[in-house]
Amino acid sequence: FPVTIAQESLESEHAPIVVILHPNPNEGDEVQLYLKGLDAERILVKVVDQAGNAHYMNEHFIEETAVLNIQFSEKLPEGMYKVEIYFADELVVENLEVKR
């Protein structure tokens with residue numbers, strides 16, 4: 001039975017997980033990632049473009065609620081990106097739009 005990655009994660013023992021990107025869309029210089037509902041744990045955050053190129057990748061140790069400020073070393077070109085959040089053996093994906 002096909003389910004999306006986010007639905008699988010929401011049905012996990014970590015449920016419910018809230019992920020908010022702000023601002024979205026944004027101008028490609030930085031974004032705030034708001035996470036709620038995870039246990040205190042190490043997560044990996046990746047921002048990838050449509051071609052699969054990583055523009056940001058970093059590990060963070062978070063508590064149940066966290067606000068991460070993600071600053072890009074170079075301003076992202078306009079387009080759609082995926083923000084991938086890996087924790088335990090799960091993955092949550094949010095879409096990020098860059099436009100000016």
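Computed over heavy atoms, backbone and side chain alike; hydrogens, waters and symmetry mates excluded.
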Colleague: Would you say the side chain of V31 lies within less than 4.5 Å of the side chain of F72, judging by non-hydrogen atoms?
Modeller: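 They are in contact (side-chain heavy atoms under 4.5 Å apart), so the answer is yes.
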
Colleague: How long is the straight-line distance from NE2 of H22 back to CG of N69, given to the nearest 0.5 Å?
Modeller: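 Atom-to-atom, N69:CG and H22:NE2 are 10.5 Å apart.
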
Colleague: E78 side chain to R100 main-chain N or O, any donor-acceptor pair under 3.5 Å?
Modeller: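 The answer is yes, because a donor-acceptor pair under 3.5 Å joins these two groups.
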
Colleague: Quick one: are I85 and L44 in side-chain contact, heavy atoms under 4.5 Å?
Modeller: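 Side-chain contact under 4.5 Å: no.
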
Colleague: Mark yes when over 12 heavy atoms from residues, nucleotides or ligands other than K36 sit less than 6.0 Å from its NZ; otherwise mark no.
Modeller: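 For K36, atom NZ is not crowded (no more than 12 foreign heavy atoms under 6.0 Å).
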
Colleague: For the atom pair CG (L33) and CD (E94), what is the distance rounded to the nearest 0.5 Å?
Modeller: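 Result: 8.5 Å between the selected atoms.
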
Colleague: Heavy-atom distance under 4.5 Å between the side chains of V92 and F87, does that happen here?
Modeller: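 The answer is yes; the side chains approach within 4.5 Å.
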
Colleague: Is there a side-chain contact between I43 and L68 (heavy atoms, below 4.5 Å)?
Modeller: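 Heavy-atom side-chain distance check passes, below 4.5 Å.
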
Colleague: Rounded to the nearest 0.5 Å, what's the gap from NZ on K99 to CG on N26? Could you check?
Modeller: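 If we round to the nearest 0.5 Å, K99:NZ and N26:CG are 11.0 Å apart.
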
Colleague: Donor-acceptor pair, distance only, cut-off 3.5 Å: does the side chain of N24 make one with the backbone of E97?
Modeller: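 Confirmed, N24 side chain pairs with E97 backbone.
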
Colleague: In terms of side-chain heavy atoms, does Q32 have a donor or acceptor partner in Y34 at a distance below 3.5 Å?
Modeller: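 Looking only at side-chain atoms, Y34 and Q32 do not form any donor-acceptor pair under 3.5 Å.
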
Colleague: Look up atom NZ in K46 and atom OH in Y56, then write down how far apart they are to the nearest 0.5 Å.
Modeller: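 Answer rounded to 0.5 Å: 13.0 Å.
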
Colleague: Do N95 and K82 have side-chain heavy atoms sitting under 4.5 Å apart?
Modeller: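 Side-chain contact under 4.5 Å: yes.
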
Colleague: Should we say atom CE of M80 is surrounded by more than 12 heavy atoms from elsewhere, each under 6.0 Å from it?
Modeller: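 More than 12 heavy atoms, drawn from other residues, nucleotides or ligands, come within 6.0 Å of this atom.
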
Colleague: Can you confirm whether L35 sits close enough to V18 that some side-chain heavy atom of one is under 4.5 Å from a side-chain heavy atom of the other?
Modeller: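 No, too far: nothing below the 4.5 Å cut-off.
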
Colleague: Roughly how far, to the nearest 0.5 Å, is CG of N58 from CD of Q71?
Modeller: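 Answer for the CD-CG pair, Q71 versus N58, is 12.0 Å.
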
Colleague: Is the shortest side-chain heavy-atom distance between V47 and V83 below 4.5 Å?
Modeller: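 Yes, close enough: below the 4.5 Å cut-off.
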
Colleague: R42 and F61: which non-hydrogen atoms are nearest, and at how many Å?
Modeller: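 For R42 versus F61, the nearest heavy atoms are N-CD1, 3.7 Å.
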
Colleague: Taking a hydrophobic cluster as the set of Ile, Leu, Val, Met, Phe, Trp and Tyr residues connected by side-chain heavy atoms closer than 4.5 Å, whether directly or through intermediates, do V98 and V48 fall within one such cluster?
Modeller: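 No, it is not one cluster - the side chains of V98 and V48 are not joined through contacts under 4.5 Å.
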
